[in-house]
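Below is one structure, written out as structure tokens, with a few remarks after it.
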Amino acid sequence: MKNSRGPKKAGSRRSPKSRFVVETLEVNPAGFGFILPKRAGLPDVYVAEEDMGDAIHGDVVKAIVYKNRQKNKLYGKVKKVLSRNTSEITGLVKRGNGVPALVPLNRRYNFTLLLPDDADLDDGTVVVASIKKYPRFPFPGEGKAIKVLGNENDPAVRILALMEEYKISCDFPEDVLAEAEKVKEMPPFYASLDEREDLRDEIAVTIDPSDAKDFDDALSVKKIDDGWTVMVHIADVAEYVRPGGSIDIEARDRSFSVYLVDRAVPMLPHQLSSDLCSLVEGKDRLCLTVKMTLDRRGDLLKYEITPSVIRVRKRLTYDEVQEALDDKKTLGKELDNTIALLAAVARVLYEKRKKAGMIEFDFPEAKVELDDEGRAINVKVIERVFAYRIVEHLMILANSVIAEYLFKSDALAIYRVHEKPAREKLMELKGMLSSLGIELKRIGQSNKAINRLLKQVEGLPCKRLVQGLVLRSLPRARYDVRCLGHFGLALRYYLHFTSPIRRYPDLTVHRMVHALIAKDSEMLGQFDLQELSAVATYASAMEERVDEVEMTSIKIKIVEYMANRIGEVFEGVISWVTPRGLFVELANTVEGFVPLEDMDTYGKFYYDEDSLSLKGSGAKALRLGDVVKVKLMRVDKSSNQIYFHLLLYGE
């Protein structure tokens, strides 16, 4: 395996002061890694590839830590692996002249496994292998194939491999399916039908993407003298999923539905996610409804939370709603009026939140179009029309109302928290912005300070890049039993309540709301702070994992699509600079790498860490945000990497 680090200077990492640390090792695809302390505010510890021993990505290790006094950074060397996180690897078989070897598809596993017992495997086969001997730099490990997924050229195989790697299954255990079949026969759990408010005569609509598979929220609205009454109806999943039952245990384990590029993997079995709990047009469905009265400024005057039964009048798509708002089509007088009122409320809420300091990013979202066989045929940017905002801001409103309701009721809850950025992260951001020519005296920790920065780059070519840098400087939103507020939304009270079909924390919140409505002290007493904290911590970790697998599935298909465009020339923006080369992002969000050695035809370039640029002869410099032309040279499906050649001087 290639050593990704240059020669070490003698004594450069020595220090009379050293200590041991026990944490998880995270490996970068380039080969190096970091030990990430759990305690907030402690610096990451850099680990060179040659200092990892036989540790691999995800292992819990004991490492000795040294401080580099010149660079004021911490360096680590693994002394012992305390626990393994990975015993199986999904990868591509590569046959040389000798023993077949497996190259992991996830390049965080930056090693190879020899497969001496699998001499009959063909080159290009994707397999799952158990690890028999862990690698130790620079020597490979050893494994044995336990499952053959197919040839790498089959469009479905890489997604199947990804699912194997992340242990994602479309299938549910037999006991879960059996319970799902019986759920219709179960007696009411939280509220019998005669205890529910009958809202079936209300005009309720769902607004979702055209390819949505489940529907857990619907909207109703009425105009009143000084504002509106809005009803957010959320599928009452808690009515069907009993705490501690087979479905509940499986849902907690999954925590989220997973939306891959070519399929959806639900958190709940299809009997619930696509039928009983899905707010299907024309069907009676049980909900928890949040009724909210707002004045014309968007201020909440009063609210009521009630178990209900509704009947969705019409399933609408974002495109249909936007066309109705733009007077390009009519949905009928009744529905047109409903859409117009919902849009009016959403506009008022949007403006109110902007004034309060809500941070608004405008990232383009890529959508990969597939043919009937699952092959990528196009990559385009999804236009975020106002119809998205209607649903988004009304869901935020319902979530914040429920959060305040639980908090002021002194009930336990799982909140959605987003804390303000650390000063150290903002200092790093300031330095990176300086390399873009954006000089700031300081960046405050308030959301309004972040918004001023974002407004400053509005309309500039570097806008998308700056937004990405700002996002990296912010902490990740997570789940917590403490109500710590939501920095990005500028809200004091916030949680997730509106998607119980696809998010387990929402289901947990529904149970708490039911207990409060019923004033059932026995039921409220069943919620344990320690258990809820464990659910919050686990869900936060699972969310990161789900985000990663969803993004990777898109990247797989983007690479597949770009493989058919070798030799084409594109215009893009330098999105990141590293000592090994630079990344260029195209208008359709496709990102590729230009290796440093590939630029030798233009002279020698070197990496300048202070300005985050590559500097060459003749005062030529390549910086973040520069608009450049590139030629697509090749793609590497095993690493999901796209490689460009930089075209300079009108080449």
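Here the structure is a predicted model, which means the values were calculated and not measured. Reckoned from all heavy atoms, side chains included, excluding hydrogens, waters and symmetry mates. Sequence positions, counted from 1, serve as the residue numbers for this chain.
For the pair Y494 and I396, the minimum side-chain heavy-atom distance is below 4.5 Å. Residues V232 and L219 are in side-chain contact: their nearest non-hydrogen atoms beyond the backbone lie under 4.5 Å apart. By the 4.5 Å heavy-atom criterion applied to side chains, I359 and N451 are counted as neighbours. A 4.5 Å side-chain heavy-atom check between Y415 and L406 finds at least one atom pair inside the cut-off. Between R353 and L397 the shortest side-chain heavy-atom distance falls below 4.5 Å. Between F527 and R511, some side-chain heavy-atom pair lies under the 4.5 Å cut-off. When side chains are defined from C-beta on, D253 does not count as touching M542, because their heavy atoms never get closer than 4.5 Å. No side-chain heavy atom of F256 sits under 4.5 Å from any side-chain heavy atom of M267.
Judged by distance alone, the side chain of N337 and the main-chain N or O of E334 form no donor-acceptor pair under 3.5 Å. Looking at S220, its side chain does come within 3.5 Å of a backbone N or O of I203 through a donor-acceptor pair. Side chain of E23 to main chain of I35: no donor-acceptor pair is present (N/O by atom type, distance under 3.5 Å, no hydrogens or angles). Between the D217 side chain and the T206 main chain, no donor and acceptor come within less than 3.5 Å of each other. R297 places no side-chain N or O within donor-acceptor distance of the main-chain N or O of V348, the cut-off being under 3.5 Å. Panel note: side chain E419, backbone L484; no donor-acceptor pair is recorded below 3.5 Å. Side chain of D236 to backbone of L288: no donor-acceptor contact under 3.5 angstrom is found. Formation of a donor-acceptor pair under 3.5 Å by the S540 side chain with backbone atoms of Y479 is found in this model. Judged by distance alone, the side chain of S553 and the main-chain N or O of E550 form a donor-acceptor pair under 3.5 Å. With hydrogens and angles disregarded, no donor-acceptor distance shorter than 3.5 Å links the side chain of E26 to the backbone of F34.
Counted within 6.0 Å of NZ on K167, heavy atoms from surrounding residues, nucleotides or ligands total more than 12; the atom is thus considered enclosed. D211 CG: more than 12 foreign heavy atoms inside a 6.0 Å radius. Atom CZ of R472 is surrounded by more than 12 heavy atoms from other residues, nucleotides or ligands within 6.0 Å. Enclosure of atom CZ in R84 by more than 12 non-hydrogen atoms of other residues, nucleotides or ligands within 6.0 angstrom is indicated. The number of heavy-atom neighbours closer than 6.0 Å to NZ of K314, taken from other residues, nucleotides and ligands shown, is 12 or below. More than 12 heavy atoms of other residues, nucleotides or ligands lie within 6.0 Å of CD in E88, so this atom counts as buried by the packing criterion. The number of heavy-atom neighbours closer than 6.0 Å to NZ of K355, taken from other residues, nucleotides and ligands shown, is 12 or below.
Closest of all the heavy-atom pairs between Y493 and A403 is C-CB, 3.6 Å. Nearest heavy atoms, A387 versus V321: CB-CG1, 3.8 Å. Between G58 and T24 the shortest heavy-atom distance is O-CG2, 3.7 Å. Of all non-hydrogen atoms in H510 and A235, the two that sit nearest each other are CE1-O, 3.5 Å. The two residues Q445 and F487 make their nearest non-hydrogen contact at O-CE1, 3.1 Å. Between V265 and C170 the shortest heavy-atom distance is CG2-SG, 3.7 Å.
A salt bridge links D275 and R285; the closest N-O separation between the charged side-chain nitrogens and carboxylate oxygens is under 4.0 Å. Look at R196 and D284 and you find no salt bridge, because none of the NZ, NE, NH1 or NH2 atoms lies under 4.0 Å from a carboxylate O. The pair D262-K557 does not meet the salt-bridge criterion, since no charged nitrogen lies less than 4.0 angstrom from a carboxylate oxygen. Taking the charged nitrogens against the carboxylate oxygens, E202 and K291 have no contact shorter than 4.0 Å, which rules out a salt bridge. Salt bridge annotation for E165-R108: absent, with no cationic side-chain nitrogen under 4.0 angstrom from a carboxylate oxygen. Taking the charged nitrogens against the carboxylate oxygens, E369 and K380 do have a contact shorter than 4.0 Å, which makes a salt bridge. Comment: E250 engages R254 in a salt bridge, judged by a side-chain N to carboxylate O separation of less than 4.0 angstrom. Of the charged side-chain nitrogens involved, none lies within less than 4.0 Å of a carboxylate oxygen, so that R492 and E404 do not count as a salt-bridged pair.
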**Request:** Using the side chain to side chain donor-acceptor pair (under 3.5 Å) rule, take Y318 and E383 through it: C-alpha gap first, then chi angles, then the decisive distance, then the call.
**Result:** CA-CA 11 Å; Y318 289 124; E383 183 185 0; over 6 Å; no
**Message:** Between E543 and R478, does the salt bridge (charged side-chain N to carboxylate O under 4.0 Å, His left out) criterion hold? Intermediate values first, please.
**Reply:** CA-CA 8 Å; E543 184 181 39; R478 59 185 175 81; over 6 Å; no
**Prompt:** Please walk me through it: do Y350 and E392 pass side chain to side chain donor-acceptor pair (under 3.5 Å)?
**Reply:** CA-CA 10 Å; Y350 174 57; E392 177 184 2; over 6 Å; no
**Intermediate values then yes/no, salt bridge (charged side-chain N to carboxylate O under 4.0 Å, His left out), R242 and E179** = CA-CA 10 Å; R242 277 29 177 186; E179 185 177 310; over 6 Å; no
**Message:** Go through it in stages, so that I can follow the logic: the residues are T86 and H57, the test is side chain to side chain donor-acceptor pair (under 3.5 Å), and I'd like the CA-CA distance, side-chain angles, deciding distance and then a yes or no.
**Reply:** CA-CA 8 Å; T86 305; H57 175 68; over 6 Å; no
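Separating the CG atom in L177 from the OG atom in S246 is a distance of 10.0 Å, to the nearest 0.5 Å. A distance of 9.0 Å separates CG of L268 from CG of D214, quoted to the nearest 0.5 Å. Atom OG in S533 sits 6.5 Å away from atom CG in D480 (nearest 0.5 Å).
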